[in-house]
Amino acid sequence: MYEEFFDLFKKCKRQVVLTGAGVSTLSGIKDFRSSDGLYNKEFGHMRVEDILDIDFFKAHPDVFYSWAKDNWYNIDEARPNIIHESLKEAEEKGYISEGIFTQNIDFLHERAGSKRVYPLHGTLQRGYCMNCHSYHEYDEISKIVHEDKVPLCSCGGVIKPDIVFYGEPLDSSILSRAESAFTNADLAIVLGTSLVVNPAATLPFLSARKGKKIVIVNRDDTYLDNYATLRYRDLKSFFEAFSAFINSI
């Protein structure tokens, strides 16, 4: 069923990957927009999108961390799944030369052992003080959050998770690297994202515009489906096959 993809994967010399929330759902992490996703559950009569606004965070970090305690600061309980592990194996064998660009903040690619990972929307792996800009690790922040406190730096500043809130720009260096990678790669692989959040959603279009090969594996339709060289729906079965393939070469 996937032989055409395997042949394409081996023939292309420069591969780039974009991953979204669907990749992490196999590790038990909720996505944002599905029927039981994070955006469909209010918190104290507030919309989650409002809680994730940077101006709201600055004014009410206590509310954000109260929400995040049970939604994000238990992420260490999740484990990398077959997708993360297979991509790591592929990288170790010299594939995915242009890196993995992820919309996920759960740092599961890094925990699986992938080296060239670029979190487009930031990462919960660390936070930084909004006053002195010193960095603090996830474990330190999580411990404080689970004591129902707002994490504070030794200087007294509020610690902000190193993620991109609504109202903040993406890291310009990562975005620039992504644009170059998707423009120059021979093969763009899109995994577990419906491509609705910009600017990440526009990255595979850079590949399409250059006439490069695009493979999409996602349950729901995307605006790029008609540009895809190959289109699959089921991430789990795709990566069960891909895992066997990558370990055989």
Checklist line | Lys/Arg-Asp/Glu bridge criterion (N-O < 4.0 Å) met for D148, K69 | finding: yes

Item checked: Gap separating the OG atom of S24 from the CG atom of N104, nearest 0.5 angstrom -> 3.5 Å

Margin query: With a 4.5 Å cut-off on side-chain heavy atoms, are T123 and I163 touching?
Written below: no

Note to self: Tell me the closest heavy-atom pair linking N81 and L26, and the distance in Å.
What the structure shows: ND2-CB, 3.4 Å

Note to self: Does this structure show an ion pair linking D53 with R47, if we count only N-O contacts that are shorter than 4.0 Å?
What the structure shows: no

Check: Is there a side-chain contact between I75 and F107 (heavy atoms, below 4.5 Å)?
Finding: yes

Margin query: Classify the ring geometry of F205 against Y227: parallel below 30°, tilted from 30° to 60°, perpendicular beyond 60°.
Written below: perpendicular

Margin query: So which atom in A181 and which in V16 form the shortest heavy-atom distance, rounded to 0.1 Å?
Written below: CB-CG2, 4.0 Å

Margin query: I'd like to check S237 versus F242 (side-chain heavy atoms, cut-off strictly below 4.5 Å). Are they in contact?
Written below: no

Check: Does R231 CZ have over 12 foreign heavy atoms under 6.0 Å away?
Finding: yes

Margin query: Show the nearest heavy-atom pair for residues S27 and R79, with the distance to one decimal.
Written below: OG-O, 2.6 Å

Next item on the list: Give a yes or no on whether the backbone of K213 and the side-chain of T229 come within a donor-acceptor separation of less than 3.5 Å.
Entry: no

Checklist line | Pair Y2 and F238, ring centroids less than 6.0 Å apart | finding: yes

Item checked: Heavy-atom pair of closest approach, residues Y118 and I174 -> CB-CG2, 3.9 Å

Note to self: Can you confirm whether R233 sits close enough to D221 that some side-chain heavy atom of one is under 4.5 Å from a side-chain heavy atom of the other?
What the structure shows: yes

Next item on the list: For the residue pair K160 and E168, establish whether any side-chain heavy-atom pair is separated by less than 4.5 Å.
Entry: yes

Notebook entry, point to check: Would you find more than 12 non-hydrogen atoms of other residues, nucleotides or ligands less than 6.0 Å from D7 atom CG?
Noted result: yes

Margin query: Ignoring hydrogens, what is the shortest heavy-atom contact between S114 and K88? Give both atom names and the distance.
Written below: OG-CA, 3.5 Å

Notebook entry, point to check: S248 side chain to F245 main-chain N or O, any donor-acceptor pair under 3.5 Å?
Noted result: yes

Margin query: Whether E98 and R14 form a salt bridge (side-chain N of Lys/Arg under 4.0 Å from carboxylate O of Asp/Glu) is what I want to check.
Written below: yes

Check: So, are E240 and K236 salt-bridged, with charged N and O less than 4.0 Å apart?
Finding: yes

Next item on the list: Would you please say whether a donor-acceptor pair under 3.5 Å links the side chains of T222 and D225?
Entry: yes

Item checked: Rounded distance [0.5 Å steps], CD1 in I159 versus CD1 in I144 -> 5.5 Å

Margin query: With no hydrogens and no angle check, just 3.5 Å: does a side-chain donor-acceptor pair link N184 and S180?
Written below: yes

Notebook entry, point to check: Is V23 reachable from F182 through a run of I, L, V, M, F, W or Y residues, each pair having side-chain heavy atoms under 4.5 Å apart?
Noted result: no

Checklist line | Over 12 foreign heavy atoms within 6.0 Å of NZ, K115 | finding: no

Checklist line | Any donor-acceptor N/O pair, Q125 side chain to D106 backbone, under 3.5 Å | finding: no

Margin query: Quick check: do E179 and L175 have side-chain heavy atoms less than 4.5 Å from each other?
Written below: yes

Checklist line | Nearest atoms (heavy-atom pairs only) where H84 meets A112 | finding: CB-CB, 3.7 Å

Check: Can any side-chain N or O of H146 pair as donor or acceptor with the backbone N or O of Y73 at less than 3.5 Å?
Finding: yes

Notebook entry, point to check: With distance as the sole test, does K13 use its side chain to make a donor-acceptor pair with the main-chain N or O of D186 at under 3.5 Å?
Noted result: no

Note to self: In the structure I gave you, are the side-chain heavy atoms of T102 and L120 within less than 4.5 Å of one another anywhere?
What the structure shows: no

Checklist line | Identified side-chain contact (heavy atoms from CB on, under 4.5 Å) partner of L18 from the options L195, I189, I100, I216 | finding: L195

Notebook entry, point to check: Do M130 and V164 share a hydrophobic cluster (ILVMFWY, side-chain heavy atoms under 4.5 Å, transitive)?
Noted result: no

Notebook entry, point to check: H121 side chain to Q103 main-chain N or O, any donor-acceptor pair under 3.5 Å?
Noted result: yes

Check: Can you hop from I54 to F64 via hydrophobic side chains spaced under 4.5 Å?
Finding: yes

Margin query: Tell me whether S142 contacts the main-chain N or O of Y138 through its side chain, where contact means a donor paired with an acceptor under 3.5 Å.
Written below: no

Next item on the list: Taking the side chain as every heavy atom from C-beta outward, state whether H109 and L87 have any pair of such atoms under 4.5 Å apart.
Entry: yes

Note to self: Could you check whether any side-chain N or O of K212 sits under 3.5 Å from a backbone N or O of A185, counting only pairs where one atom can act as donor and the other as acceptor?
What the structure shows: yes

Note to self: Would you call the rings of F57 and F165 parallel, tilted or perpendicular, taking 30° and 60° as the class edges?
What the structure shows: tilted

Next item on the list: Identify, with sequence neighbours excluded, every residue that meets salt bridge (Lys or Arg N to Asp or Glu O under 4.0 Å) alongside R116.
Entry: none

